[in-house]
Each structure stands twice: as structure tokens, then as C-alpha cells.
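These notes concern the structure reproduced below.
It should be emphasised that the depicted structure is a prediction, and the values quoted were computed from it without experimental measurement. Ligands are counted one by one from 1 in listed order, and the atoms in each one are counted from 1 as well.
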Amino acid sequence: MGRTVFVNGDYVPEEQGKISIFDRGFLFADGVYEVTAVINGRLVDYGPHMERLDRSLSELRMDWPCSKDELRAMHEELVRRNDLKEGIVYMQVTRGATDRDFKFPKDVKPTLIAFTQTMSLVDNPNAVKGVSVVTVPDIRWLRRDIKSVMLLAPVIGKQAAYEKGAHEGWMVEAGFVTEGTSSNAYIVKDGKVITRGLSNAILAGCTRRALFRLAKEHGVVIEERAFTPAEAYAADEAFLTSASQFVMPITEIDSHRIGGGQPGPVTRKLRELFLKEATG
Ligand code: PDD
């Protein structure tokens with residue numbers, strides 16, 4: 001693959017990107033992360049991602065690994081060194097490496113790593129035909145508002161979806177959809193977008209935040225409330241959002257065709273608005 005990656009202050013060839021076996025991210029999933037899209041070599045929604053990182057770190061009483069300016073410079077340098085035109089920057093901070101002990105360690109430097117991944121975001125063929133989702137149980141912990149690297153439950157959910165031939169799993173808790181395994185979930189009924197309100201039950205998506213702003217600017221009404229799978233089956237449209245998929249149409253949920261199996265007009269309009277801004 002030949003990438004240059006970032007590990008604790010150094011830019012190194014990816015095969016030399018190594019961290020300690022004592023790293024608390026490795027031993028306890030004691031770390032947080034962000035995924036920021038890159039289009040035309042430019043970071044998309046960088047500010048909101050870093051605001052959320054700041055919140056994740058403070059909720060877990062973890063230190064920033066470097067200054068905010070240094071982190072931005074590191075993102076830009078990685079994009080430059082890898083000549084990344086379109087894709088993502090993944091960055092992760094952990095509480096650092098020290099002898100295994102559950103309690104927070106003292107005087108340990110956080111670990112900071114980052115790498116790029118080339119992806120086709122704008123001309124993603126999935127966006128043309130739409131994707132399918134299946135519902136899976138939400139077996140995660142109760143602080144999903146923190147973007148923690150503890151992702152085993154989403155991994156299990158995504159794998160279950162994949163094994164059913166679906167693109168994403170919509171997680172269900174107490175009869176209501178929380179969100180996708182790595183995305184936020186939306187349905188459209190009678191022209192109105194419905195998505196779960198923010199709480200500890202879901203991650204506050206940066207793409208969700210941009211979508212809310214664009215919807216407001218363009219007169220698309222969004223209602224924040226939980227919805228059931230049955231309501232989703234009967235929806236006019238459905239879609240998901242994430243930094244790596246933007247606004248992605250959904251045309252099938254648990255084998256129920258949505259919108260006659262075609263991406264709907266509200267979804268297409270919102271994707272278009274998002275792309276216009278991100279590529280502009
Ligand atoms: N996932 N909900 C969950 C559980 C997520 O993991 C993500 C993002 C989102 C959408 O957030 P945003 O719009 O800020 O990307 C919602 C990233 C992309 C990932 O883990 O790869």
C-alpha cells in the first residue's frame with residue numbers, strides 16, 4: 001500500500017507504524033477516534049470533528065495528545081504526504097502505554113496515530129442505486145455519544161448485516177432504531193425527515209450536523225424522534241449519514257422495499273446539497 005502513517009510525532013512508512021503491546025487502546029479499548037473525509041485534497045467538516053474529539057476526550061478525562069493547531073497540521077501533512085485526493089483520515093488517541101492496570105494511569109503520554117485511506121466518496125456507485133439494511137440488536141454500552149474505539153458490538157452488527165447480504169445494520173433497542181453500526185439513521189415520510197434526537201443512545205454525527213444545517217437552509221423539515229422498524233418499512237424514503245458515505249440512500253430494510261426500490265427525491269436533494277458544499 002505504501003502509505004505514510006503518523007505515530008506519536010513521526011511520519012513513517014506504514015509497515016513501521018507500530019505501538020506498544022501495553023497500549024491501553026489495545027488492552028482496554030481505552031481510546032477515542034475520528035474519521036474525517038477528504039475531497040479534492042481538502043478536509044471536510046474538520047472543525048466539528050475536532051469539537052467532537054474534544055468532547056470525547058473530556059468525557060473520558062483524557063488529555064489532548066498535542067495542541068489543536070498541531071493536530072490540524074498533522075492531518076494536512078498526512079493528506080499531502082500521501083497525495084490523498086479523495087478518502088478519509090483516521091485518527092486515534094489512547095490513554096497511552098503502561099503496565100496493565102484498570103485505573104487511569106498517572107503521567108502517561110497519550111498515544112496518537114493517524115493514517116489515510118483512499119476511497120471513492122463522491123462517485124460512490126452505492127449512492128446511485130441505494131443500499132440495503134437489516135435490523136440487528138443494539139448490544140452496545142450506554143455512552144454511545146463518546147466516539148470510543150470500543151467497537152466490538154458494531155463489528156458484530158455489521159458482520160451480521162453483511163452475512164444477510166446487507167450494506168449496514170440498523171441497531172434496535174427497546175423496539176426503536178438507535179442508529180447504524182457506523183452511521184446515523186433517517187426515514188422520510190410525507191416530505192419530512194425523521195431521525196432520532198441526540199442523547200447518550202447515539203453518536204452525534206458530524207454529517208448529521210451538516211445535514212441539519214443544510215436542511216434548514218433549504219426548507220427541508222426534520223423531526224427529531226425515535227422510530228420503529230415497522231415505521232421504517234412503511235417510509236417513503238430512508239437514508240444514512242456518515243463521514244465516509246455522506247448521505248447514502250437506502251432502498252431496502254429487512255427485505256421491505258423502500259420508495260419502490262429507488263433513492264427518493266428528498267434523499268437525493270440532501271446528498272446533492274452536501275456534495276455541493278463539500279466539493280465547492
Ligand atoms: N462512523 N454513528 C456511529 C455509531 C458511527 O460510528 C458514525 C461514524 C456515525 C456518523 O458520524 P459522522 O457523520 O461524524 O461520521 C454515527 C465512522 C465513519 C467510522 O467509524 O468509520
Side-chain angles (χ1 to χ4, degrees), residues 25 29 31-39 43-56 59 75 86-93 113-121 124 126-127 131 133 135-162 167-173 176-186 193 195-215 222 224 226 238-248 250 267 270-271 273-275 277-278:
V32 299
Y33 75 108
E34 281 297 331
V35 175
T36 307
V38 173
I39 298 184
L43 295 154
V44 179
D45 279 341
Y46 182 81
H49 281 289
M50 292 307 118
E51 262 179 49
R52 187 172 62 192
L53 175 69
D54 191 40
R55 183 175 180 281
S56 294
E59 289 297 305
H75 273 77
E86 197 167 312
I88 53 125
V89 177
Y90 176 94
M91 61 128 310
Q92 175 173 331
V93 187
I113 64 97
F115 56 84
T116 57
Q117 241 169 257
T118 298
M119 291 167 78
S120 176
L121 305 181
N124 185 340
N126 282 336
V131 297
V133 305
T135 51
V136 297
D138 197 336
I139 60 169
R140 296 176 297 166
W141 74 330
L142 300 177
R143 290 303 307 276
R144 302 142 190 178
D145 54 313
I146 299 171
K147 199 161 172 63
S148 145
V149 297
M150 188 175 59
L151 292 175
L152 190 52
V155 163
I156 289 168
K158 187 83 88 182
Q159 180 64 19
Y162 172 75
H167 172 83
E168 176 62 303
W170 270 11
M171 296 183 284
V172 176
E173 182 176 59
F176 291 92
V177 174
T178 49
E179 59 186 327
T181 64
S182 62
S183 56
N184 289 120
Y186 309 75
V193 175
T195 193
R196 196 167 177 125
L198 295 182
S199 71
N200 292 355
I202 65 166
L203 184 75
C206 296
T207 320
R208 180 187 188 279
R209 179 165 151 179
L211 184 95
F212 269 59
R213 179 173 44 75
L214 290 168
I222 302 185
E224 285 186 272
F239 63 93
L240 59 85
T241 63
S242 79
S244 51
Q245 303 185 86
F246 304 144
V247 178
M248 179 59 65
I250 292 167
T267 307
L270 289 169
R271 181 175 175 88
L273 289 171
F274 190 90
L275 283 180
E277 184 169 88

Does the side chain of His49 reach to within under 4.5 Å of the side chain of Leu43, using non-hydrogen atoms? no

Within-4.5 Å side-chain heavy-atom neighbours: Leu211 and Tyr186: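 They are in contact (side-chain heavy atoms under 4.5 Å apart), so the answer is yes.
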
Whether [X] lies under 4.0 Å from ligand 1, heavy atom:
X      : result
Arg209 : no
His49  : yes
Leu151 : no

Can you check side chain to side chain contact (heavy atoms under 4.5 Å, CB included) on Met91 and Met50, steps first, answer last? CA-CA 11 Å; Met91 61 128 310; Met50 292 307 118; 4.2 Å; yes

Are any of the N/O atoms on [X], whether in the backbone or the side chain, positioned under 3.5 angstrom from an N/O atom of ligand 1?
X      : value
Leu203 : no
Ser242 : no
Arg140 : no
Arg52  : yes

Return yes if some donor-acceptor pair links the side-chain N/O of [X] with the main-chain N/O of [Y] below 3.5 Å, else return no.
X      : Y      : value
Glu179 : Met171 : no
Thr195 : Ala185 : yes
Arg271 : Phe246 : no
Asp45  : Thr207 : no
Arg144 : Ala201 : yes

Verdict with reasoning, Ile250 to Glu168, per side chain to side chain contact (heavy atoms under 4.5 Å, CB included): CA-CA 9 Å; Ile250 292 167; Glu168 176 62 303; over 6 Å; no

Provide the number and element of each atom of ligand 1 under 4.0 Å from a heavy atom of [X].
X      : result
Gly180 : 4 (C)
Asn184 : 10 (C), 16 (C)
Gly205 : 11 (O), 12 (P), 13 (O), 14 (O)

What's the shortest distance from [atom] to any protein heavy atom, and which residue and atom give it?
atom                    : value
atom 2 (N) of ligand 1  : Glu179 OE1, 2.7 Å
atom 6 (O) of ligand 1  : Ser182 CA, 3.3 Å
atom 12 (P) of ligand 1 : Cys206 N, 3.5 Å
atom 19 (C) of ligand 1 : Tyr33 OH, 3.7 Å
atom 13 (O) of ligand 1 : Thr207 OG1, 2.6 Å
atom 15 (O) of ligand 1 : Ala243 N, 2.8 Å
atom 21 (O) of ligand 1 : Val35 CG2, 3.8 Å
atom 17 (C) of ligand 1 : Lys147 NZ, 3.5 Å

Establish, from distance only, whether the side-chain atoms of His167 and Gln245 form a donor-acceptor pair under 3.5 Å. yes

Point-to-point distance, once rounded to the nearest 0.5 Å, from CG of Leu240 to OG1 of Thr267: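 Between Leu240 CG and Thr267 OG1, I get 10.0 Å after rounding to 0.5 Å.
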
Electrostatic pair Asp145:Arg143 at N-O distance under 4.0 angstrom: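 Yes.
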
Any idea which part of Pro154 is under 4.0 Å from ligand 1, heavy-atom wise: side chain, backbone, both or neither?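 It is neither; nothing of Pro154 touches ligand 1.
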
Using heavy atoms and a threshold below 4.0 Å, how should the contact between Ile202 and ligand 1 be classified: side chain, backbone, both, or neither?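 Neither part.
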
